Number of protein chains: 2
Amino acid sequence: MKKLAQTRESDDIFELSSFTPYLLNQAAEAQSDVFSRNYRERYGMLRTEWRVLFHLGRHGDMSAKEISESASIHKTKVSRAVRALEEKRFLSRITSPDDRRSERLSLRPPGQEAFRHLSRAAQDYEAALEQRLGKRDARKLRELLKRLDGT
Amino acid sequence: MKKLAQTRESDDIFELSSFTPYLLNQAAEAQSDVFSRNYRERYGMLRTEWRVLFHLGRHGDMSAKEISESASIHKTKVSRAVRALEEKRFLSRITSPDDRRSERLSLRPPGQEAFRHLSRAAQDYEAALEQRLGKRDARKLRELLKRLDGT
DNA sequence: TGTTGTTAGTTACTTTTGTAACTAACAAGA
DNA sequence: TCTTGTTAGTTACAAAAGTAACTAACAACA
């Protein structure tokens, strides 16, 4: 007998394994757990610190505000990450002369070295992922994820 | 002039936007933020609570241990979620007669209703996502995510 | 100059998570 | 029955994240 029309497709079976937000979260956690070893074990860094470091290394000196906007990280998280990186002697701050509320953050040599190291690790990680998924699928995945992150 | 061989592809430019763990995380957060309104605003539930509820609704009575394994949630998180759901009168526990360490968790009527409601919301959410991405790409995304979550 | 409103960044407080140690119950064998 | 080892679930403490309120500096204009 043919299947009848339904109000909702497969109303009966709905597993978490077909719920995209769940899968996204599982995959994100799994990947993050693996890569975080790179900055956690060697530098005792947290994810936000790694991101802030990355932005500074990638874009040169920035203010906390600029990092916050460009990386979509809340300013309190940035503030805490900056302090942690400062305590590790990875960056220095100089009060901006034209606006004394804001600070110019720059990587110091140890911070620059950490950036280079982690940046390389990230590229290697990405390359390994591309190996696993295949170039085509890896690219497709990134494309799809980009389409999602706005919503 | 032709591009020379490099040790690493595009050694020069490496943006966060091409780093899959970053994209995964952004997308996962964005999606979770949207869907969490469903269980947060109406039921005051946390994500782990929603997951535990879902498992109970989907698979019938289970022990905390079983949920923990089947959902890959740490047992302390499950323990806290179970207590929260119990306080909301969404579930009841009965000490298992054959092993008094373990408890049979069952959804009570209000919990069952919340499950049905949220389950429907999840299906609608998934359907909307499928609309946005297109059936083919939505399916592809799920497939790729599944391939990632083991690592 | 004084007032009003805005902005960069920090701090204080609360909520949530992670980790480890714990309790009570079980299991299997001496 | 008395170890010894394991397991289900909880609790206590520490680390991290979210939220709101705050400080100091700025801007614009009366």
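Sequence lines set the chain letters: A, B, ... in the order given, protein chains first and strands last, and positions in each chain run from 1. Predicted model only: the values in this text are computed from it and were never measured.
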Is there a donor-acceptor contact under 3.5 Å linking the side chains of A:H55 and A:S70?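 A donor-acceptor contact under 3.5 Å links the two side chains.
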
Contact under 4.0 Å: [X] side-chain N or O vs [N] OP1/OP2:
X	N	value
B:K77	C:dG18	yes
A:K65	C:dA8	yes
B:S79	D:dG9	no
B:R100	C:dA24	no
A:R83	C:dT11	yes

Once rounded to the nearest 0.5 Å, what's the spacing between atom OG of B:S32 and atom CZ of B:R47?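 Rounded to the nearest 0.5 Å, the OG-CZ separation comes out at 4.5 Å.
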
I need the B:L118 CG to B:D124 CG distance, nearest 0.5 Å.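 One gets 11.5 Å once the value is rounded to the nearest 0.5 Å.
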
Taking the side chain as every heavy atom from C-beta outward, state whether A:P21 and B:E126 have any atom pair closer than 4.5 Å.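 Yes, side chains in contact.
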
Given that B:E69 and B:R80 both sit by DNA chain D, which one's nearest nucleotide is further toward the 5' end?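 First, find each residue's nearest nucleotide; the 5'-ward one identifies B:E69.
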
First encountered from the 5' end of DNA chain D, between A:D98 and A:H74: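 Per heavy-atom nearest nucleotide, the more 5' residue is A:H74.
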
Minimum-distance nucleotide to [X] side chain [options: [options]]:
X	options	result
B:S102	D:dT11, C:dG9, D:dG9	D:dG9
A:R93	C:dT10, D:dG9, D:dT11	C:dT10
A:R101	D:dA24, D:dG9, C:dT10	D:dA24
B:D99	C:dC26, C:dG9, D:dT10	C:dC26
B:L46	C:dT11, D:dT11, C:dT16	C:dT16

Between C1' of D:dG9 and CG of B:L91, the distance in whole Å: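 So the two atoms are 14 Å apart, to the nearest Å.
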
